[in-house]
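Right, one structure below, let's go through it.
Proteins get letters first, then strands, A, B, ... in listed order; numbering begins at 1 in each.
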2 protein chains.
Amino acid sequence: MDDIDRRILRFLQKDGRITNIDLSRQIHLSPAATLERVKKLEQSGVIRGYMARLDPETVNLGLLVFIQVTLDRTSPDIFEAFSKALKTIPQVSECYMVAGGFDYLVKARVKDMTAYRNFLGKTLTRLPGVRQTHTYTVMEEVKADPELPI
Amino acid sequence: MDDIDRRILRFLQKDGRITNIDLSRQIHLSPAATLERVKKLEQSGVIRGYMARLDPETVNLGLLVFIQVTLDRTSPDIFEAFSKALKTIPQVSECYMVAGGFDYLVKARVKDMTAYRNFLGKTLTRLPGVRQTHTYTVMEEVKADPELPI
DNA sequence: GGAGACGACGAATTAAATTCGGTTTATCGA
DNA sequence: TCGATAAACCGAATTTAATTCGTCGTCTCC
């Protein structure tokens, strides 16, 4: 992984559908050599994949919330049960086990507050082991940039 | 926006570099008609763009942290000043103003705990208006799926 | 029932991805 | 320092995909 690779990654993060020819021009390499590097980055796992980024508003997911979740510590496999159940919930975009005060931090997207009340009561608090939740409603997205700083 | 569009969005979220021909086969439409729909989704802003998803570990960003930030409420434009300063920090991938207990929730990626200590002391706590921070270190990624549930 | 608009289709054209043989460049040991 | 080896790069040829365009069918609204 050298500077040219990092430059490739920067461009591919900014525009995942840049043509190989345009990319090769940007990094001052032939199309063949550029393609070879990109394939290697894909096969080595540095590039996990490509995706379209959608506007949440236009697909009826205008409300973003973070939920702190604390579990009952009654059983050692309660974490396992909670994790497994959570993975299948479509509204949950991210979930992390964290150190420092509570157990899990959950990021979820729903249509509106009504949908969230429903989600919280009918789905989240009914997951195995959930003792307590605390909701943080996002009022403003100050920054939401999925690109990694290479 | 009909079912065909939603189907297109699902495939493009899963693989942003799927060829138009393959996509057209998946949705049972001609390549020309498929391309026309994708272009419309792009121009209308439903599709914001395309990106390569990278593996944070392999690019030396193995530590993920969330930081709760509380600001001094001394001046009305302190929020503005904080927001503006924060946007330019590369380690910060996301930042939200939230309701419920504190002011901002910041998501940041760094190499390791040493880098984080440095980031916290030298950068984050020196931003305008920062009164208090609380760090949550991510121990495990239970789910991290950037696809929206269409 | 008819006019207009929209969406879809298929063929033709343009452009890009991919392959391959040969050449240069970098690395490493003698 | 020199030579051997491997890795990376290049340009041309080929395969494949994107894009354009003329036409047809279908839906909507008079």
* Asked: Taking 4.0 angstrom as the limit, do A:D5 and A:K40 come out as a salt bridge?
  -> no
* Test: B:R37 and B:D2 ion pair at under 4.0 Å -> yes
* Asked: What do the steps show when you test B:D15 against B:R17 for side-chain contact (heavy atoms from CB on, under 4.5 Å), and what is the final call?
  -> CA-CA 5 Å; B:D15 177 6; B:R17 283 194 103 159; 3.8 Å; yes
* For residues B:V69 and B:T133, determine if any side-chain heavy atom of one lies less than 4.5 Å from a side-chain heavy atom of the other. => yes
* Contacting residues from residues 30-51 of chain B, given that a heavy atom lies under 4.0 angstrom of DNA chain C -> B:S30, B:A32, B:A33, B:R37, B:K40
* To do: Please list residues of residues 13-28 of chain A whose heavy atoms come under 4.0 Å from any atom in DNA chain C, ordered by number; otherwise none.
  => A:T19, A:N20, A:I21
* Asked: Mind checking whether A:L124 and A:F66 sit in one hydrophobic cluster, side chains of I, L, V, M, F, W, Y counted as touching below 4.5 Å?
  -> no
* Do you reckon B:Y104 sits in the same ILVMFWY cluster as B:V92, going by side-chain contacts under 4.5 Å, direct or chained? -> yes
* To do: Start with the C-alpha gap between B:T135 and B:Y116, add the side-chain angles, then the distance that decides, and say whether side chain to side chain donor-acceptor pair (under 3.5 Å) holds.
  => CA-CA 10 Å; B:T135 298; B:Y116 179 66; 2.5 Å; yes
* Asked: B:D2 CG to C:dC6 P: how many Å, rounded?
  -> 15 Å
* Asked: Is the count of non-hydrogen atoms from other residues, nucleotides or ligands lying under 6.0 Å from B:M1 atom CE greater than 12?
  -> yes
